[in-house]
Amino acid sequence: MAKKVIIYQVFTRLHGNRVTTRKENGTIEDNGSGKLNDIDDSELHRIKEMGVSHVWYTGVIRHATQTDYSSFGIQPNHPSVVKGKAGSPYAIVDYYDIDPDLAVDVDRRMEEFHALVERTHLAGLKVMIDFVPNHVARQYHSVCKPSGVHDLGQDDDITKGFDPQNNFYYCPGCSFSPSFTLEADGMGKYDEMPAKATGNDHFDQSPGINDWYETVKLNYGVDYYAGRIGHFDPLPNTWHKMLDILLYWASKGVDGFRCDMAEMVPVEFWAWVLPNVKAAYPSTIFIGEVYNPLEYRKYIAAGFDYLYDKVGMYDTMRSVTCGYAPATAITNAWQSVDDINQKMLFFLENHDEQRIGSDFFAGDGKRGVPALVASVLMRCNPFMLYAGQEYGERGMDKEGFSGRDGRTTIFDYWSIDTICRASSDKLTADEKQLHEIYKKVLYIASTEKCVSDGAFFDLMYVNPRSERFDSDRLFAFLRKLDNDLLLVVVNFSDDVKEAGVAIPEHAFSFLGMPEKRALATDLLSGDRQYMSLSKDGVLQMFIGSWGARVWKMNVAKRK
């Protein structure tokens, strides 16, 4: 039996922080910071109990910050090119270092990371971190690089806008001069001469306020100035540097990498680097953040294990949950990637997206339950959840650089309300109930062989909108392996639904399923009832408001 991959994303700086001051735009002294040591054996046990297989520790590599660590030999960053007091974890300043905010003893921060990796593995979980290959902080400078490693840009010819062996792109003769005012009290003007191209493919010296102005674009041998012409022979210097970085972290026990904005890096690089890493560490997994469905199959062919299914399944589940699309749209979403379905990573929240419980999404975490059940149980592919999602975290704070936008900040020192209250057993009854639902659904996914290995059969084509079945708000499917059958029906509405679910003759032949009367147990509620499985028959049931039924039956043929 294959293990269903279930990833739990932890924003490390926030996760263990129990300081509830939450001062807007506060410093680390005001608001505190979570530490690697906070993620202890009891917390890892809680995560493991939910059925999780991998923990993605977000933001562990050292990134630009406004906090001064110069007393530890770390060069301060100019605040005008740092977003927020804490800074973005996607503006890396040293690929070989651990973020000092996360350390109890800054001088021993790498040892504290090693201990976290060991604790995570002893808990039966695998470790993932970010690999940010497309861009780095404007003031990138490694103080922890291994002996013999040259820093990014150290050997660049800065007189050229593009050279295949340069690590950065330049604007020769031009200083960095963004189109908006960068202010930093008492720090003077930030100086960069010549200006480097900005991380979101902005190739002049004047990025705008909505650009990734705090980052610079890495050069993988693609000449954007000449129309995206690739120069890959000889291999660009950046390729070798990135391979070294991946091997460095893999050697420290990291089991997988979530590759940030993978589609902004040429697929030729991935086709070279991924097999090289896997030759040394065969079990390493790579997840690509790719948003263009037309490019999916190229990146899978290059060696990615999984890709974000954002513009397909995530956007569809969100639209159905919010009432903007009928439940039948889910069928279209999975069909569009059916040939690569096991490679698609489903999720409903992450650090980039708005919380389900926010006013900008569903307004209540419970309204994410039908999307959760369908996303987790529908196929064999992985599922990812974001810490706090299981409690219905709303993300409605106005933290500082991050405004009240329904997201949990990645730029500010903060603590997460529901996670803080969960640690002291102060969740509301509704939050506890939602947590129990998450545990049940993820446990089903991690233990039921139907989910990890079974066949899938979508029932929507034979259940059109009618008095018997509301296909706008209900979604139904079957999973089967050997003698186990799951019938899953979810309800995206405020109303309790009475449904008659038709099971077509084709389902019986496709799944190798006999006609019989079977005792069905709802794995969520514990309800039991007999169901008569017959070709083109109809199964009756009630599904609660924003609820689900996961009926399990033994369908062994009569002897």
Just jot down the salt bridge (Lys or Arg N to Asp or Glu O under 4.0 Å) partners of D339, sequence neighbours excluded, or say none.
->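 With sequence neighbours excluded, D339 shows a salt bridge (Lys or Arg N to Asp or Glu O under 4.0 Å) to R297, given in chain and number order.
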Taking salt bridge (Lys or Arg N to Asp or Glu O under 4.0 Å) as the test, write out the residues that go with K343, two or more places apart.
->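 Testing K343 for salt bridge (Lys or Arg N to Asp or Glu O under 4.0 Å), a comparison that skips the adjacent residues, returns none.
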Contact check, side chains of H231 and D223, non-hydrogen atoms, under 4.5 Å =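 Touching, per the 4.5 Å side-chain cut-off.
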Heavy-atom distance under 4.5 Å between the side chains of V254 and Y281, does that happen here?
->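 No, too far: nothing below the 4.5 Å cut-off.
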Should R138 and E192 be marked as a salt bridge (Lys or Arg N to Asp or Glu O under 4.0 Å) after you check the CA-CA gap, both sets of side-chain angles, and the distance that decides it?
-> CA-CA 9 Å; R138 299 211 83 92; E192 182 179 294; 2.8 Å; yes
Taking Y8 as the fixed residue, which of E390, H54, Q389 is the one that meets the side chain to side chain donor-acceptor pair (under 3.5 Å) rule?
->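 One option only clears the test, and that one is E390.
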May I have the list of side-chain donor-acceptor pairs in residues 259-268 shorter than 3.5 Å, sequence neighbours left out?
{"unit_1": "D260", "atom_1": "OD1", "unit_2": "R258", "atom_2": "NH1", "d": "2.8"}
{"unit_1": "E263", "atom_1": "OE1", "unit_2": "N292", "atom_2": "N", "d": "3.4"}
{"unit_1": "E263", "atom_1": "OE2", "unit_2": "Y291", "atom_2": "N", "d": "2.7"}

Taking atom NZ of K23 as the centre, does the number of heavy atoms from other residues, nucleotides or ligands within less than 6.0 Å exceed 12?
->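 Counting neighbours around NZ of K23, 12 or fewer heavy atoms of other residues, nucleotides or ligands fall under 6.0 Å, so no.
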Which of parallel (below 30°), tilted (30 to 60°) and perpendicular (above 60°) describes F347 and Y314?
->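 F347 and Y314: parallel rings.
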My understanding is that only residues two or more places apart in sequence, or in another chain, count here; which of them pass ring-ring contact (aromatic ring centres under 6.0 Å, His included) with [X]?
X    : result
H135 : W212
Y386 : none
Y69  : none

Using side-chain contact (heavy atoms from CB on, under 4.5 Å) as the criterion, point out the one residue from F269, Y220, F168 that pairs with T238.
->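 Among F269, Y220, F168, the one meeting side-chain contact (heavy atoms from CB on, under 4.5 Å) with T238 is Y220.
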For the side chain of W249 and the backbone of Y95, is there at least one donor-acceptor N/O pair under 3.5 Å apart?
->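 The answer is yes, because a donor-acceptor pair under 3.5 Å joins these two groups.
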Any cation-pi pair here, R318 with F361, using under 6.0 Å and within 45°?
->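 Because its charged atom sits under 6.0 Å from the ring centre and within 45° of the axis, R318 does stack over F361.
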Steps toward salt bridge (Lys or Arg N to Asp or Glu O under 4.0 Å) verdict (E214, K83) = CA-CA 7 Å; E214 83 282 20; K83 290 181 176 178; 3.2 Å; yes
Do the ring centers of Y213 and F180 come within less than 6.0 Å of each other?
->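 Yes; F180 has its ring centre under 6.0 Å from that of Y213.
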